[in-house]
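Here the structure is a predicted model, which is why all the values come from computation and not from measurement.
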Protein chains: 2
Amino acid sequence: MSRIVAERQDVIATLAEIFREHGYDGTSLSLITEKTGLGKGSLYHFFPGGKEEMAEAVLGDIAAWFRTHIFEALRHAEDPAQALEAMFAGVDNYFRQGRRLCLMGVIAASGAHDRFARELNGYFSDWRADLAATLERAGTPKAECNPLAEEIVGGIQGALILARSLDDPGAFGRVLARLKTRCLPFPPN
Amino acid sequence: MSRIVAERQDVIATLAEIFREHGYDGTSLSLITEKTGLGKGSLYHFFPGGKEEMAEAVLGDIAAWFRTHIFEALRHAEDPAQALEAMFAGVDNYFRQGRRLCLMGVIAASGAHDRFARELNGYFSDWRADLAATLERAGTPKAECNPLAEEIVGGIQGALILARSLDDPGAFGRVLARLKTRCLPFPPN
DNA sequence: TCAAGTGTTTACCGATTGGTACAATGACTT
DNA sequence: AAGTCATTGTACCAATCGGTAAACACTTGA
C-alpha cells in the first residue's frame with residue numbers, strides 16, 4: 001500500500017499545482033509528463049481515464065482536505081467563534097496569502113465547469129452550509145447566517161481573483177480580514 | 001467605416017460569449033468559425049494576430065464598455081449615492097442576474113492570465129479607484145473607502161463564480177444586495 | 001527459481017491545434 | 001469597362017493534442 005499510494009499522492013499534489021496554474025484546458029499531457037517526471041505510460045497506469053480522471057482525483061483530494069481541515073473543524077468545534085478564526089487562518093494559509101488560486105474556482109470559470117459540476121457544487125454548498133451552521137452557533141441571527149455564509153465563501157473566491165489580477169497578493173488578506181470582522185462582531189480577546 | 005466596423009463589432013460580441021463560455025484555452029479556431037460563421041480567412045483578416053488578438057480586442061471592448069457605462073458614471077455623477085445604486089443595477093444587468101461570467105475573471109483564473117495581465121490590472125484597478133472615490137464622495141470615512149471598494153469589486157467576481165458553481169444564479173443577486181447595503185448604509189428613499 | 005503482478009519506457013495513432021498561402025469573389029471607383 | 005482593394009473559401013502546413021499498445025524492467029510472494 002504505502003509506496004504506491006504515497007507516490008500517487010505526490011503525483012496528485014503536483015497535478016493540482018499544474019491545473020491551478022494552467023487551467024484544465026491549458027494543461028496538456030506533455031506539460032504533465034514534464035512537471036511530474038512521469039511518462040504517459042505511468043500516468044495512464046495511475047489514471048486510466050486520462051486527463052479527466054487526473055482532474056477528478058485532484059478535485060477529490062482538495063475536497064477531502066477541506067472537509068477534514070476546514071468543514072469538520074467548523075462542525076465539531078466547541079467554541080464556534082474560535083472555529084471561525086481558525087477557518088480564516090486556515091484559508092489564508094492554504095491559499096498562500098493570496099498567491100495561490102482555488103482550483104475549484106479555476107474550474108468553475110473554465111469551459112470544463114460542466115464536466116465537474118458535481119464536485120464544484122458539493123464543495124461550495126458544503127462550505128456554505130457548515131459555515132452558516134457555525135455562524136448560527138456563534139450567535140448570528142438566524143436569518144443572517146445563510147446570506148452571510150454565501151457572502152464569505154464567494155468573497156474568498158473573488159479576493160483570490162482580485163489579488164491575482166492586481167498582482168497584489170495582499171488584497172486577499174485585506175478582504176479576508178474584512179470578511180472575518182463581519183462574522184465576528186465581537187472578536188475574542 | 002460603418003459596415004466593416006459594425007461587422008467587426010458583431011464578431012467581437014460573439015467572440016466575447018465564446019471566450020466567456022469556454023475560456024481562452026478552451027476556445028479553438030474551429031469553434032470560432034462555427035459560432036461566428038466566418039472562415040479563417042475572414043478572421044485572420046480582421047485579427048492578423050490570431051486568437052490572441054481576438055481576445056485582446058474582446059477585452060478592450062469590455063474595458064471600454066465598463067469605462068463608459070460604469071466608471072464614468074461613477075466619476076461624473078452629481079449624486080454619488082445614486083451613482084452607486086446605478087452601478088449595482090448596471091452590474092446586475094450586465095452579468096444577466098448571475099447567469100453570465102466576467103471574462104476578466106475567466107482570464108484571470110486561466111493559464112492565459114499573464115498574457116493579458118495589463119488588461120486585467122487596468123480593469124480592476126480602475127474599477128477599484130473610481131468606486132473608492134465615489135464612496136468617499138458619498139460620505140464614507142476616508143480610511144474605509146479603498147478597502148470597501150476592494151471588497152465590493154472582489155465580491156462581485158466571487159459571487160459570479162459561486163452562482164455558477166452552485167448552479168444558482170440567484171446567489172449573485174443576493175450577494176450583490178448585501179454589498180450594496182454595505183456602501184449605502186442610508187439608502188435613498 | 002519462477003511466475004505474477006506492478007511500473008515504466010518508447011513508439012505510434014488519428015484528430016485537432018493555431019496559423020499561412022492564395023486564388024476567387026464582390027463591391028465600389030475612376 | 002477596367003481597375004482597385006477589402007473580404008472570403010479552401011487547401012494546406014508542421015506541431016501538438018489526448019490516448020493506445022506492447023515490449024521491457026523490477027519487485028514480490030510462493
* Structure fact -> Here the distance between atom P of C/dG26 and atom NE2 of B/His45, to the nearest Å, is 17 Å

* Asked: For B/Phe46 and D/dG9, what is the distance between atoms CZ and P respectively, to the nearest whole Å?
  -> 11 Å

Report all interatomic pairs (protein N or O, nucleotide N or O of nucleotides 17-24 of chain D) with separations under 3.5 Å.
| unit_1 | atom_1 | unit_2 | atom_2 | d |
| --- | --- | --- | --- | --- |
| D/dC17 | OP1 | A/Ser28 | OG | 3.0 |
| D/dC17 | OP2 | A/Ser30 | OG | 2.9 |
| D/dG18 | OP1 | A/Thr27 | O | 3.3 |
| D/dG18 | OP1 | A/Lys51 | NZ | 3.1 |
| D/dG18 | OP2 | A/Leu29 | N | 2.7 |
| D/dG18 | N7 | A/Lys40 | NZ | 3.4 |
| D/dG19 | OP2 | A/Tyr44 | OH | 2.7 |
| D/dG19 | OP2 | A/Lys51 | N | 3.2 |
| D/dG19 | O5' | A/Tyr44 | OH | 3.0 |
| D/dG19 | N7 | A/Lys40 | NZ | 3.0 |
| D/dG19 | O6 | A/Lys40 | NZ | 2.2 |

* Could you list the residues that satisfy salt bridge (charged side-chain N to carboxylate O under 4.0 Å, His left out) with A/Glu53, not counting sequence neighbours? => none

* Asked: B/Phe95: what forms a ring pair (Phe, Tyr, Trp, His ring centres under 6.0 Å) with it, not counting sequence neighbours?
  -> none

* To do: Could you walk me through whether B/Arg100 and B/Glu17 pass salt bridge (Lys or Arg N to Asp or Glu O under 4.0 Å), step by step?
  => CA-CA 9 Å; B/Arg100 204 194 204 191; B/Glu17 295 312 313; 2.7 Å; yes

* Rounded to whole angstrom units, what separation is found between the CD atom of A/Glu34 and the P atom of D/dT16? -> 12 Å

* Mind checking what makes side-chain contact (heavy atoms from CB on, under 4.5 Å) contact with B/Ser42, not counting sequence neighbours? -> B/Leu38

* **Test ring pair (Phe, Tyr, Trp, His ring centres under 6.0 Å) applied to B/His69 - qualifying residues, sequence neighbours left out** => B/Trp65

* To do: Calculate the interatomic distance between B/Arg8 atom CZ and D/dT8 atom P; express it in whole Å.
  => 13 Å

* What integer distance in Å separates A/Leu43:CG from C/dT10:C1'? -> 14 Å

* In whole angstroms, how far is the C1' atom of C/dT20 from the CZ atom of B/Phe47? -> 18 Å

Scan the side chains in residues 157-166 of chain A for donor-acceptor partners under 3.5 Å anywhere in the protein, sequence neighbours excluded, and list what turns up.
| unit_1 | atom_1 | unit_2 | atom_2 | d |
| --- | --- | --- | --- | --- |
| A/Arg164 | NH1 | B/His113 | ND1 | 3.4 |
| A/Ser165 | OG | A/Ile161 | O | 2.9 |

* Can you check the B/Leu38 CG to D/dG9 P distance for me, whole Å? -> 7 Å

